[in-house]
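Report on the following structure.
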Amino acid sequence: MTFESCAESFRGLILRSMGREFGDRLLPRGLEIDTCDQVFLIASGLVWNVYFATLALFFGFFLATAVALGKASPRAWARKPAEAFVFLFRGSPLFVQFFFIYEALVLLPREGITLAGITLDTQWTTRAWAGALFVLFLNTSAYTAEIFHGALKAIPKGDLEAADAYGLTGFAKFRRVVWPTMLRLAWPSYTNEAIFLLHATTLVFFSAFPAWQQMGDALYYANYFAAQTFNPFIAYPLVGLYFILMTLAVIGLFGAVNRRLNRHLPREARARFRFRPQYIR
Amino acid sequence: MACYLTTASHLALYRSVLVVLVLLALAAPLALGIGFLGALAMRSRNALLRPLGTLYVSMVRGVPDIIFFLFVPFAIDQGVEYARHRILCPDWDQPVRQGNDFIVCAAAKMPLATDPAWVHDLWGFLLALAAFALVFGAFAANTLQGAMAAVPRGQLETAEAYGMTPGQAFRRILLPQMWVYALPGLSNLWMILTKATPLLFLLGIQDVVYWARELGGQKTGVYAYPHPDWRVWYFMGVLAFYLLLTWSSQKVFDRLMVRMSHGQATAGGEALRRAGA
């Protein structure tokens, strides 16, 4: 293993997870594999973990807010579906959700759906970048909705009475009092949710979704190397290390937001982040 | 229909449900035991034990658990084979790692190549069980350590004032009182353990996910079925099975919490006392 061969691995593999056009056509196999290959190819797979986590979290945020409000609503037509949604996605394993929704997407007609003269293509929905993102989006929405619902219930009564006293009603009350307070109270738990959604993205390529053209996430490549070299003691600790670093990055990022949400409060009244994970979904 | 649902391969599906339940029944007490030891290590004053316990817990928690589920069985398997190799074949002179191969003598293989299939299945199951116990042991250690710390200090100080030794205070005061603090965390852990069982599939065990794929598919490695792709229906069944499992466990835990809160100095205990009075 020389510096040149290492630089060669870097050029060939660092973007390989985005497709064959971005690096070596074939992955290193058998005895060709050296440590540099493992370092760079596994790192390149992290792109997919970040992609799934950020987009699912972003879209999930809005759905979760809606579901949490539905769950807290006194009207049964809003509350019942929200409760059912949260129960369905929090009560069953994410792993099985992946399989179930994948198989459902496969059943869509292959030639596309014709709606009002326009044919909608359905093939892309079974690909990981769309299908798995969809599952993760629904899953994180359910978990986040539960967190937001808990925070909604925990909003101090005085805050709401003050809003009433100021004559705030409806959407203005929600936007200026309820929503910011809910976010502030929920943020430490929401940070944990973000971390564990990131960790859950490693399941994508181990469930039903195939890694097309060997474009996979970090754990997919680690598993590939462990199977090729029959040595689990390099690839798995390496991917573990990457995830510890990414977890620290998430904590830093969300901590900055938390400080901003709490900036009007005295220091000792601020909500602190505690690493209290949901572990597996 | 009844005939279709009792074919030999469907019976294997029902057996695999049993495998899931057996794993749950064995992994939960094992994890609790490891967690208890881990919590004790994290609390100990020993300069070696405490960092060791803390390292174990924070390492497992900081990394996606799927990595551990893939890594631990692989590593234990090779470790056991290596140990047996050193003991059983002392006169073997070649290195164990040759290029990308891991070679041990035939007598050290685990299980032996000549063993019947069920031994291989059992070994695979035990490795999976070890992985589950190790990962969930760390989670449980964290929960139990928190519960031990949550028992009010005054209780322990009173025990000291009564002249109890640290061991007595631990056994008579801390141990009976910590469970009410531990229960919410442990019930959460149980749910997570339940929802982690489909990962058995990744470890090459023929669990419900495996059979749902096999039976629903049109053409699989084993059979060609005359029916179209029914996997979505089978997975809907698996989904319902897990929902039922988590829902019923929640009911059990709710009742357990009520029972445990009796006579405790917590909000729940106080509410029970008021209701009784």
Item to check | Leading residue by heavy atom contact count with chain A [cutoff under 4.5 Å; candidates Ile67(B), Val63(B), Leu202(B), Thr194(B)] | outcome: Ile67(B)
Item to check | Atom pair CZ (Phe98(A)) and CG (Leu136(A)), whose distance is rounded to the nearest 0.5 Å | outcome: 4.0 Å
Checklist outcome for this item: So, the part of Phe233(A) with a heavy atom under 4.5 Å from chain B: the answer is both
Checklist outcome for this item: Highest number of heavy-atom pairs under 4.5 Å with chain A among Gly185(B), Pro198(B), Ala75(B) belongs to Pro198(B)
Checklist entry - Taking the side chain from Thr202(A) and the backbone from His199(A), do they hold a donor-acceptor pair closer than 3.5 Å? => result yes
Item to check | Heavy-atom contact with chain B under 4.5 Å, split by part of Tyr242(A) | outcome: neither
Next on the checklist: At a heavy-atom distance under 4.5 Å, which candidate from Tyr242(B), Trp233(B), Trp247(B), Phe74(B) has the highest pair count against chain A?
Outcome noted: Phe74(B)
Checklist entry - What part of Phe201(B) lies closer than 4.5 angstrom to a heavy atom of chain A: side chain, backbone, both or neither? => result side chain
Checklist entry - How many angstroms lie between OH in Tyr236(A) and CZ in Phe68(B), if you round to the nearest 0.5 Å? => result 12.5 Å
Next on the checklist: Using heavy-atom distances under 4.5 Å, tell me whether Met236(B) contacts chain A through its side chain, its backbone, both, or neither.
Outcome noted: both
Next on the checklist: If I take atom CD from residue Glu193(A) and atom OG1 from residue Thr140(A), how far apart are they, to the nearest 0.5 angstrom?
Outcome noted: 3.5 Å
Item to check | Step-by-step side chain to side chain donor-acceptor pair (under 3.5 Å) determination, Trp190(B) to Ser249(B) | outcome: CA-CA 8 Å; Trp190(B) 168 262; Ser249(B) 326; 3.1 Å; yes
Item to check | Residue Ala222(A) versus chain B: region with a heavy atom under 4.5 Å | outcome: neither
Item to check | Gap separating the CG atom of Leu183(B) from the CE atom of Met178(B), nearest 0.5 angstrom | outcome: 11.0 Å
Next on the checklist: To the closest 0.5 Å, what do you measure between OG1 (Thr246(B)) and CD1 (Ile192(B))?
Outcome noted: 12.0 Å
Item to check | Contacting moiety of Leu219(A), where chain B heavy atoms sit under 4.5 Å | outcome: side chain
Checklist entry - Which bit of Leu88(A) comes within less than 4.5 Å of chain B, counting heavy atoms only: side chain, backbone, both or neither? => result both
